[in-house]
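The first residue in the sequence is number 1, and the count goes up from there.
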Amino acid sequence: MSGRTSRTVAVLMGGPSAEREVSLSSGRECAAALRDEGFEVVTLDAGTDLAQRLQEIAPDVVFNALHGRWGEDGCVQGLLEWLGLPYTHSGVLASALAMDKERSKDVFRAAGLPVATSLLAETAEVRARHVMEPPYVVKPNNEGSSVGVYIVHEAADGPPDLAPDMPETVMVERFVPGRELTSTVVGDRALTVTDILTDGWYDYDAKYVPGGSRHEVPARLPQDVFDACLAHSLAAHRALGCRGVTRSDFRWDEGRGLDGLILLELNTQPGMTPTSLSPEQAEACGISFGALCRWMVEDASCNR
């Protein structure tokens with residue numbers, strides 16, 4: 001794929017996941033940027049007829065702008081491999097591992113990366129009692145964008161009142177205090193570190209509503225912590241076997257120095273919206289949004 005410009009790029013967006021609206025925003029931004037870069041672009045809202053639509057369009061490359069289940073958990077990647085269509089981002093196994101928070105943490109632990117203590121528990125049990133000493137966080141094991149996340153504080157009277165639509169099994173994770181940091185990997189390079197500043201915690205609105213958070217990029221951190229974020233994000237990317245662009249999220253308890261840095265998770269489909277972190281980091285490193293999208297198309301392949 002590298003070394004030539006594709007005539008037609010199909011941008012997958014939307015889909016049925018809880019992150020549909022974020023994906024639509026990402027898809028629109030990427031489609032516009034790719035058109036400006038000279039590509040012929042077809043946008044495609046991913047539904048049950050996706051395979052048929054892709055066979056009709058017969059694109060040179062598929063740009064995967066889907067978020068959440070089915071779009072970044074290996075499902076659509078397997079379909080694209082089956083159809084023999086080059087696509088962006090990570091492949092089947094890396095996508096499935098990264099989307100499963102507990103299994104990806106097992107890989108990170110084996111790679112010597114610092115992660116928080118966690119466990120999987122039945123949702124009914126989590127509603128009934130503290131399955132971990134507070135403070136802790138409860139979240140779906142396979143969603144992103146802070147969908148369905150509950151923080152149980154140290155002074156909590158009882159277990160969390162989880163929404164009825166929570167999955168039957170959830171992750172319960174030791175709450176890590178401190179600052180929200182993130183680092184993007186493009187290919188084999190960790191770009192920089194962003195310090196995410198919010199008035200509360202970094203929830204869905206803080207991520208996607210304009211003005212919901214403030215981003216300091218590059219982050220003003222001790223050099224050893226800054227360098228560790230870059231090293232850990234690249235190591236996590238490699239440990240899962242990722243390709244293309246990924247973003248790793250951290251919490252840093254500055255009172256503990258380097259020991260206070262914890263890797264929370266890796267996202268194989270970072271947001272590409274106007275408020276998203278990875279495009280902002282690329283821009284800070286001299287890579288325009290259009291150039292980033294072009295690189296992703298030129299990096300696309302099968303057998304990822």
Side-chain angles (χ1 to χ4, degrees), residues 68 72-74 90 93-121 126 130-154 160 167 169-185 190-191 193-196 201-203 207 219 221-222 224-243 245-270 277-278:
E72 59 178 304
D73 61 0
S90 294
L93 179 58
S95 299
L97 278 173
M99 196 64 172
D100 188 312
K101 294 181 174 66
E102 189 63 24
R103 284 185 171 86
S104 63
K105 287 173 76 170
D106 289 341
V107 175
F108 297 152
R109 289 187 189 99
L113 294 166
V115 296
T117 300
S118 62
L119 56 88
L120 296 179
V126 174
H130 290 307
V131 299
M132 178 182 289
E133 191 71 22
Y136 59 85
V137 178
V138 180
K139 51 189 172 183
N141 192 46
N142 60 351
E143 291 285 3
S145 295
S146 299
V147 172
V149 176
Y150 294 79
I151 298 178
V152 180
H153 296 284
E154 197 166 7
T169 302
V170 293
M171 171 185 275
V172 181
E173 180 180 66
R174 174 67 55 205
F175 176 76
V176 181
R179 292 157 66 173
E180 297 269 359
L181 307 175
T182 193
S183 179
T184 297
V185 170
L191 296 181
V193 183
T194 297
D195 192 354
I196 304 164
W201 70 285
Y202 195 44
D203 61 6
K207 288 183 176 181
L221 302 169
D224 61 343
V225 174
F226 192 100
D227 291 345
C229 285
L230 297 181
H232 291 346
S233 61
L234 188 55
H237 180 100
R238 290 172 173 168
L240 293 181
C242 295
R243 297 285 297 276
V245 175
T246 64
R247 195 195 72 238
S248 290
D249 299 332
F250 302 87
R251 292 297 291 269
W252 178 50
D253 183 353
E254 53 192 308
R256 298 179 56 213
L258 189 57
D259 289 340
L261 183 66
I262 297 294
L263 171 63
L264 294 179
E265 61 186 44
L266 179 146
N267 189 332
T268 57
Q269 300 278 141
L277 295 151
S278 292

List in chain and number order the residues that pass side chain to side chain contact (heavy atoms under 4.5 Å, CB included) with [X], two or more places apart in sequence or in another chain; answer none if no residue qualifies.
X    : value
D253 : P177, R256
A219 : V193, D195, L221
A228 : H232, L258, L261

Does the [X] side chain pair with the main chain of [Y], one donor and one acceptor, at a distance under 3.5 Å?
X    : Y    : value
S118 : V172 : no
S95  : S90  : yes
N141 : E102 : yes
R174 : P135 : yes

Distance, nearest 0.5 Å, that separates [atom1] of [X] from [atom2] of [Y]:
X    : Y    : atom1 : atom2 : value
E265 : M99  : CD    : CE    : 9.0 Å
T246 : L234 : OG1   : CG    : 8.5 Å
I196 : L181 : CD1   : CG    : 7.5 Å
K139 : M171 : NZ    : CE    : 6.0 Å

For the residue pair [X] and [Y], what are the closest heavy atoms and their distance?
X    : Y    : value
S278 : T184 : OG-OG1, 2.8 Å
I262 : V176 : CG1-CG1, 4.0 Å
V245 : P270 : O-CD, 3.7 Å
S233 : F250 : N-CZ, 4.0 Å
L97  : S104 : O-CB, 3.2 Å
H153 : P134 : O-CB, 3.5 Å

Heavy-atom distance under 4.5 Å between the side chains of [X] and [Y], does that happen here?
X    : Y    : value
E154 : F175 : no
L264 : R251 : yes
V185 : R238 : no
S248 : F108 : no

Salt-bridged, D106 to R103, with N to O below 4.0 Å? no
Does a side-chain N-to-carboxylate-O contact under 4.0 Å join K101 and E173? no
Side chain to side chain contact (heavy atoms under 4.5 Å, CB included) partner of V107, the single match among D100, L240, L266: L240
Tell me, with the steps shown, if N267 and E72 meet side chain to side chain contact (heavy atoms under 4.5 Å, CB included). CA-CA 9 Å; N267 189 332; E72 59 178 304; 3.2 Å; yes
